[in-house]
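Okay, so here's the structure we're looking at.
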Amino acid sequence: MFKVIVLASKRPDISFAAFRDYYSNHHVHLMNRLLAHGAAIHRRNFVIHPDPDHPGDYDVISEVFYEDRATAEETMREMADPDVHRQRIADETEFLLPESVRVFMVEADMTIFRPMEGVTP
């Protein structure tokens, strides 16, 4: 399994609830339809800001899992297609700040101290 980490910030003029709803119920499904080799799993980690009046740099840390590096790299090539890129950016402007998006391909190591029922890493 191979993973891409995505950091992003919501638009300041929408609520956190609207941001979360749009991302989870619209954007990830649009991207899945646009990409032949899309994610196997897309996990979104929404940041809980201790002081909502002074949020941090990012509002979501997404983990996008692929079966292997080749599939992840093919997905990145598909995302560079001009039509896919145009649709992705147009949709992202509905709920986040496209200029805030940071993408990292990562190799993950994990230490499990005790399994948690119902939770898969």
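One hydrophobic cluster holds both L96 and L30 under the rule that ILVMFWY side chains link at heavy-atom gaps under 4.5 Å.
Rounded to the nearest 0.5 Å, atoms CE (M31) and CZ (R33) are 10.5 Å apart. Note that CE of M79 is 6.0 Å distant from CG of L35, once rounded to the nearest 0.5 Å. Between the CZ atom in R20 and the CD1 atom in I14 there is a gap of 13.5 Å [rounded to 0.5 Å]. The CG atom of L34 lies 9.5 Å from the CG atom of D81; values are rounded to the nearest 0.5 Å. The distance from the NZ atom of K10 to the CG atom of D59 is 6.0 Å, given to the nearest 0.5 Å. Once rounded to the nearest 0.5 Å, the distance linking CZ of F95 with CZ of R11 reads 10.0 Å.
No donor-acceptor pair closer than 3.5 Å links the side chain of H37 to the backbone N or O of T75. Checked by atom type and distance alone, the side chain of S24 never pairs as donor or acceptor with a backbone atom of D21 at under 3.5 Å. At least one donor-acceptor pair closer than 3.5 Å links the side chain of E78 to the backbone N or O of A36.
Ring-centre distance between F19 and H27: not below the 6.0 Å cut-off.
A donor-acceptor pair shorter than 3.5 Å cannot be found between the side chains of S62 and R43. Side-chain contact, D91 with Q87: no donor N or O sits under 3.5 Å from an acceptor N or O.
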Self-check item: R44/V28 under side chain to side chain contact (heavy atoms under 4.5 Å, CB included): CA gap, chis, key distance, verdict
Solution: CA-CA 10 Å; R44 290 157 308 285; V28 295; 3.7 Å; yes
Quiz prompt | side chain to side chain contact (heavy atoms under 4.5 Å, CB included) between V64 and Y66, intermediate numbers included | solution = CA-CA 7 Å; V64 187; Y66 300 92; 3.3 Å; yes
Quiz item: Should V47 and I61 be marked as a side chain to side chain contact (heavy atoms under 4.5 Å, CB included) after you check the CA-CA gap, both sets of side-chain angles, and the distance that decides it?
Solution: CA-CA 7 Å; V47 177; I61 303 163; 4.3 Å; yes
Quiz item: Could you walk me through whether H42 and Y23 pass the side chain to side chain contact (heavy atoms under 4.5 Å, CB included) check?
Solution: CA-CA 11 Å; H42 190 289; Y23 193 179; 3.4 Å; yes
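Taking both residues in full, the closest heavy atoms of A40 and E67 are given as CB-OE2, 3.7 Å, listed atom of the first, atom of the second, then distance.
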Donor-acceptor contacts under 3.5 Å from residues 100-116 side chains, at least two apart:
| unit_1 | atom_1 | unit_2 | atom_2 | d |
| --- | --- | --- | --- | --- |
| S100 | OG | S9 | N | 2.9 |
| S100 | OG | L97 | O | 2.6 |
| R102 | NH1 | E99 | O | 2.8 |

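With a 6.0 Å radius and a threshold of 12 heavy atoms from other residues, nucleotides or ligands, H85 has its NE2 atom at or below the threshold.
Counting heavy atoms from C-beta on, the side chains of I5 and E63 come closer than 4.5 Å. Looking at heavy atoms from C-beta onward, P82 lies out of side-chain contact with V84 at the 4.5 angstrom threshold. Proximity of T71 to F2: side-chain heavy atoms (C-beta onward) are nowhere separated by under 4.5 Å.
Under the rule for a salt bridge (Lys or Arg N to Asp or Glu O under 4.0 Å), the partners of R69 that lie at least two apart in sequence or sit in another chain are E73.
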